[in-house]
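Side chains are part of it too, since the values below use all heavy atoms of this structure and drop only hydrogens, waters and symmetry mates. Chain identifiers are assigned alphabetically (A, B, ...) following the order of the sequence lines, protein sequences preceding nucleic acid strands; residue numbering begins at 1 within each chain.
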Protein chains: 2
Amino acid sequence: MSSGELAAAAGVNSAKLRKDLSHLGSYGTRGVGYDVEYLIYQISRELGLTQDWAVAIIGVGNLGRALANYGGFGNRGFRIAALLDEAPDVVGSEVAGLTVRHIDHLESVVRSEKIAIGVIATPASAAQRVCDRFVAAGVTSILNFAPVVLNVPEHVDVRKVDLSIELQILAFHEQRKSARDQGKDWVDVLEA
Amino acid sequence: MSSGELAAAAGVNSAKLRKDLSHLGSYGTRGVGYDVEYLIYQISRELGLTQDWAVAIIGVGNLGRALANYGGFGNRGFRIAALLDEAPDVVGSEVAGLTVRHIDHLESVVRSEKIAIGVIATPASAAQRVCDRFVAAGVTSILNFAPVVLNVPEHVDVRKVDLSIELQILAFHEQRKSARDQGKDWVDVLEA
DNA sequence: TAGATTGTTAATCGATTAACAATC
DNA sequence: TAGATTGTTAATCGATTAACAATC
């Protein structure tokens, strides 16, 4: 498949597509194009999707359960390897095929399961404490759903998922729509 | 407060900050700076945060419950106005202070509650059907948590929350870290 | 009036795109 | 060899930043 076809499918410029792909290496053939199958493999490898990543979820409330049951992870190389919680009525129960363990086992679970990514789905009040334990146990990638900004050392990556930001973006567009209906053209300036 | 101070706090260039603020209007005073209180109000208004937006959540499983109980929405102008589901054992139960109604009431709820944003937290199989009903009922902003790409008319905004993308970003960085440990310097090129 | 700081114009920088030599 | 398409260099475009006239 040529860069032109790929670019059209992706909705980008073909020169940009070729330049971007060239960062990964020289996987095309002049006069012929790209082997899509091979390209998918190379990109997946580059993005780390060909590896298997063990994930631990801390906090087995509604959000933790939703994450544990979310099917999309498995086929992208993520394996939910452990669920931990503090509440006695949750510890020991089975969720998404795993037995929930007490949070006291965090350090030993990180070691035995080789946890690469820690997911924090606890209330805000517990998040920093859990984070500190992850960091002390050697986890350097953390996904935080709690509505607090976590303090971590330089070498640790934290990504914060703030569900209300998505709503805010929609609300902003919604407002623009009604403003435009009222002939307030200035809103278009902000579109850019 | 001067643009220099604001820029330092936000970690951006002061000229950029001034230029960006100038898009909203001329809210600074030469020789003096900006009134932060007033600036916050103007920006909030611009972003639509001073309005009250009614939100309906369809699908009251673990994710729907987590969203309904998420505290962060209220103080940003979002009000969960309705929870709808299909399952008889969920309909009629109380979640986050609201009684779950049957999805048959979608159209009437959109009208009576003046729903501005529809949140789809159903299984993938039901998402498009729910989406179509939202659109037919006049909702033009949809937040989709189901792992499917929704088909909507031009004038409808859809935002898709894909939880595995956040994990993928972490995995990519995690891979970079270990690659760097092995002296593979090429990964740094991708950082840009 | 002198000092400070905005809003905006001009200069710089980086990213996107067009063009083309290399080559399948 | 002739046609096609890559990988990359050069040109273009837009966004960021520096500089400064306007003005509080």
Taking for each residue the nucleotide of DNA chain C bearing the nearest heavy atom, is the 5' side occupied by B:E5 or by B:S22? B:E5
Find the distance B:K19:NZ to C:dT8:P and express it as a whole number of Å. 9 Å
For A:C131 and A:V152, which heavy atoms make the closest approach, and how far apart are they? SG-CG1, 3.4 Å
Would you say A:K16 reaches C:dT16's phosphate, i.e. side-chain N/O to OP1/OP2 under 4.0 Å? yes
Close approaches to DNA chain C from residues 27-44 of chain A, in residue order (heavy atom, under 4.0 Å): A:T29, A:R30, A:G31
Could you give the CG-to-P distance, from B:L17 to C:dT6, as a whole number of Å? 9 Å
Here the distance between atom P of D:dC13 and atom CG of A:N13, to the nearest Å, is 13 Å
Please tell me if B:S3 has a side-chain N or O lying less than 4.0 Å from either OP1 or OP2 of C:dT5. no
Rounded to whole Å, the CE-C1' distance (B:M1 to C:dT6) equals 16 Å
Expressed in angstrom and rounded to an integer, what is the separation of B:L21 atom CG from C:dT6 atom C1'? 11 Å
Minimal heavy-atom distance between A:L83 and A:V95, with the atoms involved, is CD1-O, 3.5 Å
So, for A:A121 and A:I57, which heavy atoms are closest and what is the spacing to 0.1 Å? CB-CG2, 4.4 Å
Connected to A:Y41, directly or through other members, by ILVMFWY side-chain contacts below 4.5 Å are none
Give, for atom NE2 of B:H173 and atom NZ of B:K177, the distance between the pair rounded to the nearest 0.5 Å. 8.5 Å
Using whole Å, what does the distance between atom P of nucleotide C:dA15 and atom CZ of A:R18 come to? 19 Å
Are B:I115 and B:I103 connected in the hydrophobic side-chain network, where two residues link if heavy atoms are under 4.5 Å apart? yes
Do A:S3 and A:R18 get their side chains close enough for a donor-acceptor pair, meaning under 3.5 Å? yes
Per the 3.5 Å Watson-Crick/G-U criterion and a run length of at least three, the stems involving DNA chain D are C:3-24 with D:3-24
Exceeds 12 heavy-atom contacts within 6.0 angstrom, atom CD of B:E86: no
At their closest point, which heavy atom of A:E174 faces which heavy atom of B:A116, and how far apart are they? OE1-O, 4.0 Å
